[in-house]
S.K.: 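The structure's right below; bear with me while I get my questions together.
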2 protein chains.
Amino acid sequence: MASGIRMNLQEFLPYRLAVVAESVSRSVAQVYATRFSLTRDEWRVLAALVESGRMPMKAAALTTTLDKMQVSRAVSRLESAGLVVREEDPGDRRGRILMLTSAGRGLLRRLLPMVEAREAFLLETLSEDERRLLDGLLERLLERSQQLQRQG
Amino acid sequence: MASGIRMNLQEFLPYRLAVVAESVSRSVAQVYATRFSLTRDEWRVLAALVESGRMPMKAAALTTTLDKMQVSRAVSRLESAGLVVREEDPGDRRGRILMLTSAGRGLLRRLLPMVEAREAFLLETLSEDERRLLDGLLERLLERSQQLQRQG
DNA sequence: TATTGTTATACTCTATAACTATA
DNA sequence: TATAGTTATAGAGTATAACAATA
């Protein structure tokens, strides 16, 4: 072509990944946002709490890959909605521990099956081998992209 | 566990995809945002113009998966920066045709090698077979997620 | 001195829709 | 009536940093 430069956006991996991730994200957000009035950050914090029902805020930030400010704000809203409470951490009085309330557990009991049904629908088209492979490929891409970000 | 409900956020596909896509996106944005002061939307519009150097705005919206408003704003900024111009479409006077300026082409000639080097670094860890497979898996996930979004 | 969590601020992005000019 | 593009506006999300309490 005239310009002597090339680029096909459609085949550019970062673009493809962004488009797919955004579409997948929207398909799940339809459940937690539209039907349960949760933001993505609130949903992530709740999801992090499913396993044990309690977690230090610091740990919630790590497992959700949100920063402390995003967690702090999401938790404020969740607490106002009566879905979680914050209590003091006796081991480190700077920290606070998040706990699901029974209302929070109730919401998750209704929400999780819907969200997991959507994930199952997405995964239906992939064989077991393909799922494992996808997982490994994503992991490698994550590591490489983090390496690029560190080197600036 | 006490709650009788389960969910491991780390293994939840929509979450994993979002985390990887965001990290990959940031690793590329370091180039176009930090070094060339472009937003993601501006970068996408420019990338769409690489192949032929000109394109109707409507087509740019389709190939970038941005909506017409996002394209309109990105193009306004790109035009202020002297990187593209809009001219009338003689075939349909509602439409306008985007054209790269020589400054735009010059910027792309400097930017593309850097961006493509990053993509190459990301892809280095994948074999040819794995790249093809990843592409197919992403395509299937995209279709399925669009299906979920349509059904609401 | 460093860390946890909160708050403030400014900035960007997003969603919706009204508006114009054409078709 | 419908479409291409622009503009307006309000709401969400993001980035940075200052701050209080504690380690």
Side-chain angles (χ1 to χ4, degrees), chain A residues 18-19 21-23 25-26 28-30 32-34 36-45 48-49 54-81 84-99 149 152, chain B residues 18-19 21-23 25-26 29-30 32-34 36-45 48 54-81 84-99 149 152:
Chain A
V19 168
E22 195 191 331
S23 179
S25 178
R26 278 172 198 259
V28 176
Q30 278 185 329
Y32 63 69
T34 306
F36 294 86
S37 299
L38 297 171
T39 64
R40 187 203 61 169
D41 292 357
E42 289 159 19
W43 148 247
R44 282 197 187 172
V45 169
L49 283 171
R54 51 187 295 138
M55 176 178 271
M57 290 197 57
K58 170 80 183 181
L62 291 174
T63 73
T64 56
T65 61
L66 299 173
D67 68 37
K68 61 183 181 173
M69 191 209 56
Q70 290 174 299
V71 172
S72 174
R73 287 188 175 153
V75 168
S76 293
R77 291 185 300 256
L78 290 172
E79 197 168 39
S80 301
V84 304
V85 292
R86 281 176 277 211
E87 57 176 37
E88 287 190 4
D89 182 340
D92 180 343
R93 280 167 47 221
R94 292 171 305 181
R96 300 173 80 176
I97 295 183
L98 277 179
M99 288 186 61
Q149 282 181 80
Chain B
V19 169
E22 195 190 331
S23 179
S25 179
R26 276 171 200 262
Q30 279 185 328
Y32 63 68
T34 307
F36 293 87
S37 299
L38 297 170
T39 65
R40 187 204 61 169
D41 292 357
E42 289 159 18
W43 149 246
R44 281 197 187 172
V45 169
R54 50 187 294 138
M55 177 178 270
M57 290 196 60
K58 170 79 183 182
L62 291 174
T63 73
T64 56
T65 61
L66 300 173
D67 69 37
K68 61 184 182 174
M69 192 208 55
Q70 290 174 300
V71 173
S72 175
R73 286 189 176 149
V75 168
S76 293
R77 291 185 299 258
L78 290 172
E79 196 168 40
S80 302
V84 305
V85 291
R86 281 178 277 212
E87 58 177 37
E88 287 190 5
D89 182 340
D92 180 343
R93 281 167 45 222
R94 292 171 305 182
R96 299 173 81 175
I97 295 181
L98 278 180
M99 289 187 62
Q149 282 181 81

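Numbers restart at 1 for each chain; the letters A, B, ... are given by sequence-line order, proteins then strands.
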S.K.: Quickly work out the B/D92 CG to D/dG5 C1' distance and round it to whole Å.
M.R.: 11 Å
S.K.: Should the side chain of B/R94 and the base of D/dT3 be counted as holding a donor-acceptor pair, with the cut-off at 3.5 Å?
M.R.: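 Per atom types, the contact qualifies.
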S.K.: If each of A/M57 and B/K68 is mapped to the nucleotide of DNA chain C with the nearest heavy atom, which maps nearer the 5' terminus, i.e. the 5' end?
M.R.: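 The answer here is A/M57.
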S.K.: Hey, which of A/Q70, A/R96, A/M57 is the one that makes side-chain contact (heavy atoms from CB on, under 4.5 Å) with A/V75?
M.R.: A/M57
S.K.: Where do B/E87 and B/R54 come nearest, in terms of heavy atoms and distance?
M.R.: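 Scanning both residues, the minimum pair turns out to be OE2-NH2, 3.4 Å.
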S.K.: Can you measure from CG (A/L78) to OG1 (A/T39) and round to the nearest 0.5 angstrom?
M.R.: 7.5 Å
S.K.: If you round to the nearest 0.5 Å, how far is CD of A/E88 from CD1 of A/I97?
M.R.: 10.0 Å
S.K.: Atom CE of A/M55 and atom OG1 of A/T64: how far apart are they, to the nearest 0.5 Å?
M.R.: 8.5 Å
S.K.: With rounding to the nearest 0.5 angstrom, report the OG to CD distance, B/S37 to B/E42.
M.R.: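 B/S37 atom OG to B/E42 atom CD measures 9.0 Å (nearest 0.5 Å).
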S.K.: Taking all heavy atoms of B/A61 and all of B/V71, pick out the closest pair and write down the distance.
M.R.: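 Between these two residues, the closest heavy atoms are CA-CG2, 3.6 Å.
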S.K.: D/dG5 P sits how many Å from B/E87 CD, rounded?
M.R.: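 Atom-to-atom, B/E87 to D/dG5, this comes out as 13 Å.
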S.K.: Go through DNA chain C in 5' to 3' direction and return only the first and the last nucleotide with some atom under 4.0 Å of chain B's heavy atoms.
M.R.: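 From 5' to 3', the first and last contacting nucleotides are C/dC13 to C/dA23.
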S.K.: Return the polar atom pairs (N/O with N/O) between nucleotides 12-16 of chain D and the protein under 3.5 Å, or none.
M.R.:
| residue | atom | partner | partner atom | Å |
| --- | --- | --- | --- | --- |
| D/dT14 | OP2 | A/Q70 | NE2 | 2.9 |
| D/dA15 | OP1 | B/R26 | NH1 | 3.2 |
| D/dA15 | OP1 | B/R26 | NH2 | 3.4 |

S.K.: Test B/L66 against B/R44 for side-chain contact (heavy atoms from CB on, under 4.5 Å), laying out the working first.
M.R.: CA-CA 9 Å; B/L66 300 173; B/R44 281 197 187 172; 3.9 Å; yes
